[in-house]
Visitor: 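Quick one: structure below, then a few questions.
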Number of protein chains: 4
Amino acid sequence: MAIRKQQKEETRTRIINVALTLYGENGFVHTTTAEIARAANVSHGTIFVHFPTQKDIFISVINAFGSQIATRLHDLLAENASVRDVFAAHLKGLIEFEPFYSRLVSEQSLLPLEARDTLVMIQSCVSFHLGQAIERQFCAQDDRALPIHLIFNGWIALIHYYLANHDLFAPGESVLKNCGKELLAYYCQLITKSFSQANPC
Amino acid sequence: MAIRKQQKEETRTRIINVALTLYGENGFVHTTTAEIARAANVSHGTIFVHFPTQKDIFISVINAFGSQIATRLHDLLAENASVRDVFAAHLKGLIEFEPFYSRLVSEQSLLPLEARDTLVMIQSCVSFHLGQAIERQFCAQDDRALPIHLIFNGWIALIHYYLANHDLFAPGESVLKNCGKELLAYYCQLITKSFSQANPC
Amino acid sequence: MAIRKQQKEETRTRIINVALTLYGENGFVHTTTAEIARAANVSHGTIFVHFPTQKDIFISVINAFGSQIATRLHDLLAENASVRDVFAAHLKGLIEFEPFYSRLVSEQSLLPLEARDTLVMIQSCVSFHLGQAIERQFCAQDDRALPIHLIFNGWIALIHYYLANHDLFAPGESVLKNCGKELLAYYCQLITKSFSQANPC
Amino acid sequence: MAIRKQQKEETRTRIINVALTLYGENGFVHTTTAEIARAANVSHGTIFVHFPTQKDIFISVINAFGSQIATRLHDLLAENASVRDVFAAHLKGLIEFEPFYSRLVSEQSLLPLEARDTLVMIQSCVSFHLGQAIERQFCAQDDRALPIHLIFNGWIALIHYYLANHDLFAPGESVLKNCGKELLAYYCQLITKSFSQANPC
DNA sequence: AATGAATGAGCCTTCATTCAT
DNA sequence: CATGAATGAAGGCTCATTCAT
């Protein structure tokens, strides 16, 4: 019976992985439960055995995605990283999940709140490391200093903006691969200069 | 004769305005032609007398929106404005159309290309003034200078990010009203410091 | 006021002619009242001023068509015509109205009964001449003779069949022009031989 | 598993049969997918589970019809049949499917090309046997002989004409049953006499 | 547990007809 | 009278979800 359980778990996992791929390829809105079933080689009904509701599929997928990317980011975000290192790691991590992440950002407004939660989780992770890096790198946080949450939001915003307009900045390719370096350089320059002027410590 | 034409135009306008409102309230994806008809106090069929296709409603609405906001921005963007003035005017303009603009940004990926066109148009307008302001304010554009397109995209990205996450930053209210000042201050500080260090001219 | 009346009549006539053309071109089923209005350069409402119902347009059109073709056939069907002459005149007459006549035959089942009436009327006309011609040409009508109504129906059937399958027998062209001669020759031969054997008088 | 498949097939078949009946009764144009669903005791959606498109229902129905009638004709068309036998068998076969066949002929011009294909198929079948029968019965095909395709088209045309005007020739009844004998006698006489005179062999 | 056939609410769109101007 | 804007009843089709097998 353990075999049964294992098989079920395997089916569930397959559905999630297939859904994750389809969501990335066609977007959440244009991915039907029937398509997922077909791609996962299970019956349409099976989908609803594992996930009572379409929303549940989504939640499971996004959770799976969340864990994967969190793990990956954890690995990438080394201790004692510089600000640039943090951003670079973040980019590297996102690039590995770009299609899905991109859809997530683009269609966020139409998705259950869990989508937001996962994004927040990912960002907390990076944000935390960024905070440490900034503290290390730029001594104190005096009054004139830039608030970390804005620095971070500015960075996230930039990435999301480029992802949302990927067909404008890198049609048919990975925006993050194409523009990541430029964004990184730009944003680091911006931050660094601001800080160095504010806190030459 | 003129009366009829005027009334028709009025109906058409009413449909567009109603649609603009509904789009802003419920989003594009969740606004049906039947709802628009109901809200506009016309029969469902009337909608298709004025707009052959659902897409056409959208296009007309977005064009109407585009003209309105362009006009408004044109008025707000004074000559000889400082960088801060440009950003402030931009914010002020957007605040007046926030619900619709917010949906436009959030659901962009699911909308016809005309949505992007309008956004680009709006941004070109602001971008142009920003370019001039930067040039005036920060002398030259030497190698170490920040590329304007990045400065601008960074700003747009920030605003869009806050709009997309308005329920996080200002639940039930206007994000731009709530966070606009902070964003403005932050971004100006960032830009100014970077420039002043780079080009103390 | 006679001018008014005349103008009205003229409009009515224009609508009918336009409808006749459109019916011939696109078929009855696929010709909308709006199209007719547009093609006739009148408002959509005007159509219903002259014709209370779509059906009434059709009836008027078919009556107009009926008179025209009846007149024409009357002219073509000379006295003392041979059987072949009658058939030839019939063909010649139909060719002049082929598009409309063809649609009439093809879509007859979906049209008001008036369509049938007109077809019957046309056919009575030809049938009458055919009867006379046969009597003249083949002496008596003894028991072994072919019944005229069958001879005639056979001929009509043949023509209608070729009209209904015009895209098979003469794609993009006039079937009657292309195949008329062959049909004529064949049918005359058939009739003649049958009669000459039956009644060598 | 087999049960499900069988039930599905049964539903599909029921839909097809119901549609076939409705098409025969009310015509293709006036039979809606909702009506078919109702008559087949399935939900409207079920129709589209089995047939993606209204056209697909039609095609399936006409294919089903095609096979049935082809099989029946094959059975009826004996070897060594006389010309009269072939015509009689043809009539007998058609009578069994008269309502549907009649609609098919009447509304052909508004139907997908598959309608024509099926008609052609049926006719090829009969035409082939007719050709053989004629050859057997009337020795040679000299120059004066009647071309088979015209003989056949004449026959088909006659039947179609009577079907199309069934309410004229046999209101509320089967035209083929009512007039079939007469048509058969007439056409055989016509053919026979023509041939016997041409080729008295 | 898995299957997959069936469901039905909901959406966009068409078009003959009406009626205020 | 003529106009043409407005009407509303249908119709085809989609898709998440249910349930008998």
Side-chain angles (χ1 to χ4, degrees), chain A residues 1 4-5 7-8 11-12 30-38 42-57, chain B residues 1-12 30-37 40-57, chain C residues 1 4-5 7-8 11 30-38 42-57, chain D residues 1-12 15 30-37 40-57:
Chain A
M1 304 318 98
R4 278 298 254 237
K5 210 150 213 174
Q7 281 188 344
K8 181 170 182 185
T11 298
R12 187 187 159 87
H30 295 121
T31 300
T32 67
T33 52
E35 264 178 310
I36 295 174
R38 210 174 309 126
V42 296
S43 76
H44 196 185
T46 297
I47 298 287
F48 293 89
V49 169
H50 291 269
F51 309 96
T53 281
Q54 195 184 30
K55 185 177 168 179
D56 294 305
I57 309 176
Chain B
M1 323 288 108
I3 290 181
R4 294 306 291 266
K5 211 151 213 170
Q6 192 184 335
Q7 283 189 341
K8 177 172 187 180
E9 195 51 40
E10 198 258 306
T11 299
R12 186 188 159 88
H30 295 120
T31 301
T32 67
T33 53
E35 264 178 312
I36 295 174
N41 254 324
V42 295
S43 76
H44 197 186
T46 297
I47 297 290
F48 294 90
V49 169
H50 292 267
F51 308 95
T53 281
Q54 195 185 28
K55 186 177 169 178
D56 294 306
I57 308 177
Chain C
M1 302 318 100
R4 278 295 251 239
K5 211 151 213 173
Q7 282 188 343
K8 182 171 181 184
T11 298
H30 295 122
T31 300
T32 67
T33 52
E35 264 178 308
I36 295 174
R38 211 175 308 128
V42 296
S43 76
H44 196 185
T46 298
I47 298 288
F48 292 88
V49 169
H50 291 267
F51 310 95
T53 281
Q54 196 184 29
K55 185 177 169 179
D56 295 305
I57 309 176
Chain D
M1 323 286 109
I3 291 181
R4 295 306 290 268
K5 213 152 211 170
Q6 192 185 335
Q7 284 190 341
K8 177 172 187 181
E9 194 53 39
E10 198 260 306
T11 299
R12 186 188 159 88
I15 292 175
H30 295 120
T31 300
T32 67
T33 53
E35 264 178 310
I36 295 175
N41 254 324
V42 296
S43 76
H44 195 187
T46 297
I47 297 291
F48 295 91
V49 169
H50 292 268
F51 308 96
T53 282
Q54 195 185 28
K55 186 179 170 179
D56 293 306
I57 308 176

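Note on naming: letters A, B, ... go to the chains in the order of the sequence lines (proteins, then strands), and numbering restarts at 1 for each one. Nothing here was measured: the structure is a model prediction, and the numbers come from that model.
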Visitor: Could you tell me the separation between the CZ atom of D:Arg4 and the CD atom of D:Glu9, rounded to the nearest 0.5 Å?
Guide: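 One gets 14.0 Å once the value is rounded to the nearest 0.5 Å.
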Visitor: How long is the line joining CZ of A:Arg38 and P of F:dC15, in whole Å?
Guide: 10 Å
Visitor: Determine the contact category for B:Thr11: base if any of its heavy atoms lies under 4.0 Å from a base atom, sugar-phosphate if only primed atoms, P, OP1 or OP2 are that close, otherwise nothing.
Guide: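 Sugar-phosphate only.
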Visitor: Provide the closest heavy-atom pair for B:His44 versus B:Ala37 in the form atom of the first, atom of the second, distance.
Guide: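 B:His44 and B:Ala37 have their closest heavy atoms at CA-CB, 3.7 Å.
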Visitor: Whole angstroms only, please: what is the NE2-P distance between D:His44 and E:dC12?
Guide: 17 Å
Visitor: Which residues in residues 45-53 of chain A have at least one heavy atom lying under 4.0 Å from any atom of DNA chain F?
Guide: A:Phe48, A:Thr53
Visitor: To the nearest Å, give me how far apart CD (D:Gln54) and P (F:dA10) are.
Guide: 17 Å
Visitor: Which residue lies toward the 5' end of DNA chain F, D:Lys55 or B:Asn41, if each is placed at its nearest nucleotide?
Guide: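 Result: B:Asn41.
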Visitor: When rounded to the nearest 0.5 angstrom, what is the spacing between OG1 in B:Thr32 and NE2 in B:His30?
Guide: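 The NE2 atom of B:His30 is 11.0 Å from OG1 of B:Thr32, to the nearest 0.5 Å.
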Visitor: Table please: side-chain donor-acceptor pairs of residues 45-55 of chain A below 3.5 Å, with sequence neighbours left out.
Guide:
| from | atom 1 | to | atom 2 | distance (Å) |
| --- | --- | --- | --- | --- |
| A:Thr46 | OG1 | A:Ser43 | OG | 2.8 |

Visitor: Given atom NE2 of B:His30 and atom P of E:dC12, what is their separation to the nearest angstrom?
Guide: 12 Å
Visitor: Take the protein atom NZ of D:Lys8 and the nucleotide atom P of E:dT7, then report the distance between them rounded to whole Å.
Guide: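 Atom-to-atom, D:Lys8 to E:dT7, this comes out as 13 Å.
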Visitor: Let me have DNA chain F in dot-bracket notation, would you? Count Watson-Crick plus G-U wobble pairs, both distances under 3.5 Å, and use [ ] for pairs crossing earlier ones and | for inter-strand partners.
Guide: .||||||||||||||||||||
Visitor: So which one's nearest nucleotide on DNA chain F is more toward 5', B:Val42 or D:Thr33?
Guide: B:Val42
Visitor: Measure from CZ on B:Arg4 to P on E:dA20 and round the result to the nearest Å.
Guide: 10 Å
Visitor: Separation of D:Gln6 atom CD from E:dG4 atom P, in whole Å?
Guide: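 Whole-Å distance recorded here is 16 Å.
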Visitor: Just verifying a value: how many Å separate C:Lys8 NZ and C:Lys5 NZ, rounded to the nearest 0.5 Å?
Guide: 8.0 Å
Visitor: Once rounded to the nearest 0.5 Å, what's the spacing between atom CD1 of A:Ile57 and atom CD1 of A:Ile36?
Guide: 4.5 Å
Visitor: Looking for any heavy atom pair under 4.0 Å, which part of the strands does A:Thr32 touch: base, sugar-phosphate only, or nothing?
Guide: sugar-phosphate
Visitor: Round to a whole Å and report the spacing from CD of C:Glu35 to P of E:dA16.
Guide: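 Result: 9 Å.
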